[in-house]
Amino acid sequence: MSQKTRPKLKPPVKPKGYLTTSTLILVAFSTAFFSRILDSAGAPSTINFLHFAAVPFACVVALLQTRTKNRYQLTITWMLLAGLWALLSVMFASAIVNNAGIINIIFSFLLLGEPFLMLLALVCVPLCERSLHKFRVWLIRFGFANLIFAYGQWFLFVILGRHPKPGNPDYIQGVFYHSGAGHVVSASVSMTFGLYYLVSAKSVPLWIRVVTALATFQHMLIADAKQVLLAFLGGGALLLVTKLKNVGEAIKYIGITVIFLLVFAWCVENVPAFGAFQTWARPEIYGPDGEATRLKTAAIRIIPTHYESWLNWLFGLGPGHTVSRLGGWMLAAYWHLLGPLGATRHIASGQVWGAVGASWLGNQSSMFSPLFGWAGIWGDLGWLGLIAYLYLAWVVWNYVGVDDLSRFFLSSVFIFGLIFSQMEEPGYMLFVAIMVALRWQETENKKVKRQRDLNEAKRAARLAIAHSER
């Protein structure tokens, strides 16, 4: 066949799976991040449930489309899958022991496991630099959107007083308006974004990054979300503990912590904007028999009174039956939707809420709430459920949390779990999961680039030697 008549071969079509997957993951995240503001704008309330389908779907697509051969990546993927399977197995066993509904299992698993599904989706596929850059740009836009909404609400609701409850900072909720603890969720997302932007956006002038980080800190102050700062301080302290084996790093972090605490203590005493932190400065409410201690431990005291056998110590009272987000809030708020689907409730949840109502500290601050994340996991799923969740956290800490910033975010989540139900708040937890996964992908990309440069250098050296021998 002559050159003229030879058919032209079309160039192979480059696979678009990774790009499509990253876009799908981003869309799935947006269904959780913007659902509250869309609900407030008039969308059906069922939009708040959309992410429960979108995130698992994106994860399944990512798992099916990945073609990675990286052993380290595959190891993380299988460990996360094993942890999720263990958590789900405990939930099924707990439901059988306590006659909980199937719908309880589904939502309990999604509330606890959704962040790990998001992590799994982002870790199992090797994102190219283009996809990674796009992902990073959109997340930064989302972070700024939350910040802009919060300052807009502060101006309208507090400064202008255009709200049924004018001046109440609890309604400064950013894109999480209108929800019960939206001011805490919005402020925690904002400060997480501010730190990520400060550290990661190296192409942006330093002064812009610093101003943005300070604006997110101010967001926390104007929203009166004091527990966010407490969680970040606690997270920093936990990170510091992990650094004690390295003397140089420990000295650096101790110095930063001491300086921050001194400045913060001065601000609490002298700056009006920090005056709300004095709510906690009442030593008489702490101690073994203090009101704060009694209220905070109410769930831990009440839940075991409903145990009927030793199996309850292992598997709890059933998914959604105690003080998790499902049992403490969702079942009551959405009973008209979940009740007909076979959801079940337990008297323990109501008794803990009764303890909140009976205490004069109950409406003072969520800091004193007995309905907090770790108590919810233990109460619903027992010690085996807690172990399964901690295993997932261990995998993320050791294999995905590649740097101090990622581990600081993870440590802050641990502290949030001791304060309120933030560990089951999709908007915040998915945001943290993406931040940690992005840092991991950035590190992996750098490793690939270094290896590629090394291979190119070796190849060039071999060619030079071969050329010299001729």
Side-chain angles (χ1 to χ4, degrees), residues 29-30 32-43 136-201 204-233 260 263-264 267-268 271-277 279 365-366 409 412 416 420 422 425-432 434-435:
F29 169 69
S30 68
F33 198 74
F34 294 108
S35 62
R36 289 291 185 179
I37 200 71
L38 292 175
D39 184 5
S40 300
R136 190 186 303 114
V137 167
W138 276 106
L139 281 177
I140 288 174
R141 290 173 180 173
F142 289 172
F144 273 114
N146 177 54
L147 188 62
I148 291 169
F149 266 97
Y151 274 95
Q153 290 158 359
W154 170 73
F155 183 74
L156 287 174
F157 301 159
V158 178
I159 303 301
L160 298 182
R162 295 183 179 179
H163 192 272
K165 296 181 178 179
N168 190 340
D170 288 356
Y171 292 97
I172 301 174
Q173 301 180 343
V175 296
F176 300 96
Y177 186 87
H178 180 274
S179 57
H183 64 301
V184 177
V185 178
S186 180
S188 57
V189 167
S190 195
M191 286 188 64
T192 302
F193 158 68
L195 284 175
Y196 176 81
Y197 190 69
L198 177 64
V199 173
S200 298
V204 179
L206 179 61
W207 71 269
I208 295 179
R209 287 182 280 149
V210 171
V211 168
T212 301
L214 291 175
T216 62
F217 184 82
Q218 179 66 15
H219 172 188
M220 180 271 299
L221 291 178
I222 62 177
D224 191 23
K226 303 181 293 298
Q227 54 270 67
V228 176
L229 183 59
L230 177 64
F232 274 54
L233 289 174
F260 180 85
V263 173
F264 177 70
C267 289
V268 170
V271 180
F274 288 77
F277 288 97
T279 303
S365 172
S366 56
F409 290 153
S412 299
F416 268 123
F420 207 42
Q422 195 88 336
E425 171 51 53
Y428 167 70
M429 289 296 292
L430 292 178
F431 194 77
V432 170
I434 289 180
M435 294 288 101

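All heavy atoms count here, side chains included; hydrogens, waters and symmetry mates do not. We're numbering straight along the sequence, starting at 1.
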Exercise. Going through the distances and angles, do F157 and Y171 end up as a ring pair (Phe, Tyr, Trp, His ring centres under 6.0 Å)?
Worked result: CA-CA 8 Å; F157 301 159; Y171 292 97; 7.1 Å; no

For this session: Mind running side chain to side chain contact (heavy atoms under 4.5 Å, CB included) on E425 and F420 for me, showing each step along the way?
Result: CA-CA 10 Å; E425 171 51 53; F420 207 42; over 6 Å; no

Exercise. Are the aromatic ring centres of Y196 and F409 under 6.0 angstrom apart?
Worked result: no

For this session: Measure the shortest side-chain to side-chain distance between R209 and V211 over non-hydrogen atoms and say whether it is less than 4.5 angstrom.
Result: no

Exercise. Atom CD1 in I222, atom CZ in F155: separation rounded to 0.5 Å?
Worked result: 12.5 Å

Problem set entry | Y428: partners by side-chain hydrogen bond (donor to acceptor under 3.5 Å, both in side chains), with sequence neighbours left out | none

Problem set entry | Residues forming a ring-ring contact (aromatic ring centres under 6.0 Å, His included) with Y151, sequence neighbours excluded | none

Exercise. Which atom names give the shortest non-hydrogen contact between P169 and D224, and what distance separates them?
Worked result: CG-CB, 3.7 Å

For this session: Please round to the nearest 0.5 Å and tell me the distance separating atom CZ of F217 and atom CZ of F232.
Result: 10.5 Å

Exercise. Going through the distances and angles, do V228 and K226 end up as a side chain to side chain contact (heavy atoms under 4.5 Å, CB included)?
Worked result: CA-CA 5 Å; V228 176; K226 303 181 293 298; over 6 Å; no

Problem set entry | Residues forming a side-chain contact (heavy atoms from CB on, under 4.5 Å) with F149, sequence neighbours excluded | I37, Q153, V175

For this session: Measure the CZ-CG distance between F142 and L147 for me, rounded to the nearest 0.5 Å.
Result: 15.0 Å

For this session: State, with a plain yes or no, whether a side-chain heavy atom of F431 is found less than 4.5 Å away from one of F29.
Result: yes

For this session: Report the residues that fulfil side-chain hydrogen bond (donor to acceptor under 3.5 Å, both in side chains) with R136, sequence neighbours left out, ordered by chain and then residue number.
Result: E442

For this session: Please determine which of L139, T216, L198 meets the side-chain contact (heavy atoms from CB on, under 4.5 Å) test together with F193.
Result: T216

For this session: Mind jotting down which residue pairs meet the side-chain hydrogen bond (donor to acceptor under 3.5 Å, both in side chains) criterion with at least one end in residues 184-195? Sequence neighbours excluded, please.
Result: N146-S186, S186-H219, S188-Q422, S190-H219

Exercise. Any side-chain heavy atom of I172 sitting closer than 4.5 Å to one from Y177?
Worked result: no

Exercise. Excluding sequence neighbours, so at least two apart, what forms side-chain contact (heavy atoms from CB on, under 4.5 Å) with L214?
Worked result: V210

Exercise. From M220 CE over to M191 CE, what is the distance, rounded to the nearest 0.5 angstrom?
Worked result: 5.0 Å

Problem set entry | Separation of H178 NE2 from R36 CZ (nearest 0.5 Å) | 10.0 Å

